[in-house]
Amino acid sequence: MEFLKRAVSEVLKHELETCFMKGIKLYENLITVEKLSRLNDFVNELRVAGQNGKLSGETFGSYNQHTRKNREFIQFGVPMFELIKVDETNQFPTRYIEPIPTLLQGLIEEAIQRNWIPKDRRPNGCIINFFDEGEYSHPFVKPPHLDQPISILILSESRMAFGDTVLGGTSRTILGDGKGNYRRGFILSPLKEGSLLILNGISSDTVHAMCASPNKRVIITFFK
């Protein structure tokens, strides 16, 4: 009887995991080595430009992780975390973020042509997240004003965790040690460079996090 209980429990757990992960699609080997190298060079040039104050407005920024330095990001188009407000003339925004560059627009167009992203859900914003050696992200959930799907382009081999709130107690709960070493939930590893993650349905509203790693990583998230 105990064996039967365990068997039923495993089946239910598998069904939950299948439902939970159903909205995640992973596409690998999408980008040639040459194109990937060009993309990495491009985002690294953007990072240097941001560090030198050459990106306009709030295009370049950093997250305060209470560490010796802040983790950097670059955003284009519509900001992920809040909507741009317009002043009384309805002509000039009170904050400025540069438009999505042509090279990244090309990636969006290709994803739409291949039916990875619906045409009516064309991303109008993107954020480039940089992770230096040992850096990680805290568990993050999609802001409610963003639409589905969320698309994440992996430019460097990475490890990501997906799950419920960090305060929950199910097998899908992401737990961490405060140093970016996440366990439980669902760990996608390795996410190869050049891979594209499409988060739709249930998966787009789940908590996810970049795990700590000894190597530098860059990911680009596209959203609407």
Side-chain angles (χ1 to χ4, degrees), residues 17-44 46-47 58-59 61 73-84 97-131 137 139-163 185-210 217-224:
E17 291 178 355
T18 301
C19 178
F20 178 75
M21 298 295 284
K22 189 176 181 181
I24 295 182
K25 292 184 178 180
L26 174 62
Y27 300 95
E28 296 182 329
N29 303 315
L30 298 180
I31 302 177
T32 63
V33 174
E34 184 178 0
K35 189 172 183 179
L36 187 62
S37 176
R38 189 163 70 250
L39 271 171
N40 275 303
D41 288 343
F42 178 67
V43 297
N44 286 329
L46 286 173
R47 187 181 191 182
E58 299 180 26
T59 303
F73 68 87
I74 298 172
Q75 57 184 341
F76 292 110
V78 174
M80 172 177 281
F81 301 109
E82 60 178 295
L83 300 177
I84 291 181
I97 295 175
E98 294 186 17
I100 300 175
T102 302
L103 183 60
L104 301 185
Q105 287 282 14
L107 295 176
I108 293 173
E109 187 61 37
E110 182 177 355
I112 291 173
Q113 289 178 358
R114 292 176 179 266
N115 295 318
W116 297 331
I117 300 175
K119 189 174 182 180
D120 62 347
R121 305 287 177 85
R122 173 187 289 273
N124 58 3
C126 73
I127 185 166
I128 305 172
N129 280 293
F130 298 92
F131 299 87
S137 68
F140 167 82
V141 66
K142 175 181 74 67
H145 66 270
L146 297 188
D147 209 340
Q148 299 179 19
I150 301 293
S151 309
I152 304 174
L153 179 62
I154 312 294
L155 295 189
S156 319
E157 185 173 298
S158 304
R159 187 170 185 261
M160 294 185 70
F162 294 81
F186 305 95
I187 307 296
L188 293 182
S189 176
L191 288 168
K192 300 178 182 178
E193 58 182 15
S195 299
L196 179 67
L197 267 176
I198 305 290
L199 309 182
N200 212 341
I202 296 175
S203 66
S204 69
D205 292 316
T206 59
V207 173
H208 59 276
M210 173 67 75
R217 289 138 294 142
V218 180
I219 62 172
I220 306 176
T221 301
F222 298 94
F223 52 87
K224 176 178 174 62

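All values derive from a computational prediction rather than experimental measurement.
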Just verifying a value: how many Å separate [X] [atom1] and [Y] [atom2], rounded to the nearest 0.5 Å?
X	Y	atom1	atom2	value
R217	S137	CZ	OG	9.0 Å
L107	I31	CG	CD1	6.0 Å
L104	F42	CG	CZ	5.5 Å
I24	L188	CD1	CG	5.5 Å
T221	I127	OG1	CD1	7.0 Å
Q105	F76	CD	CZ	11.0 Å

Can you see which heavy atom on [X] is nearest to which on [Y], and at what distance?
X	Y	answer
N124	K224	OD1-CA, 3.4 Å
P149	I198	CB-CG2, 3.8 Å
C126	F222	CB-CD2, 3.6 Å
G125	I100	N-CD1, 3.7 Å

Within the structure provided, determine whether [X] and [Y] are in side-chain contact (heavy-atom separation under 4.5 Å).
X	Y	result
L196	L26	no
I117	S151	yes
M80	F140	yes
M160	I152	yes
N200	K25	no

Problem - K119 bridged to E109 by N-O distance under 4.0 Å - result: no
Handout entry: SB check D147 R121 (cutoff 4.0 Å)
Key = yes
Given 3.5 Å as the limit, does a donor-acceptor pair link the side chain of [X] with the main chain of [Y], or not?
X	Y	value
S195	K192	yes
Q75	E58	yes
T59	E98	yes
S156	V218	yes

Exercise for the section: Test L155 against every option in N44, I219, N129, L36 by the side-chain contact (heavy atoms from CB on, under 4.5 Å) rule and name the one that passes. Expected result: L36
Handout entry: Face-on cation placement of R47 at F130 ring, 6.0 Å and 45° thresholds
Key = yes
Exercise for the section: Report the C-alpha separation of I187 and R159 in whole Å, then their side-chain angles, then the decisive distance to 0.1 Å, and conclude whether the side chain to side chain contact (heavy atoms under 4.5 Å, CB included) test is met. Expected result: CA-CA 7 Å; I187 307 296; R159 187 170 185 261; 3.5 Å; yes
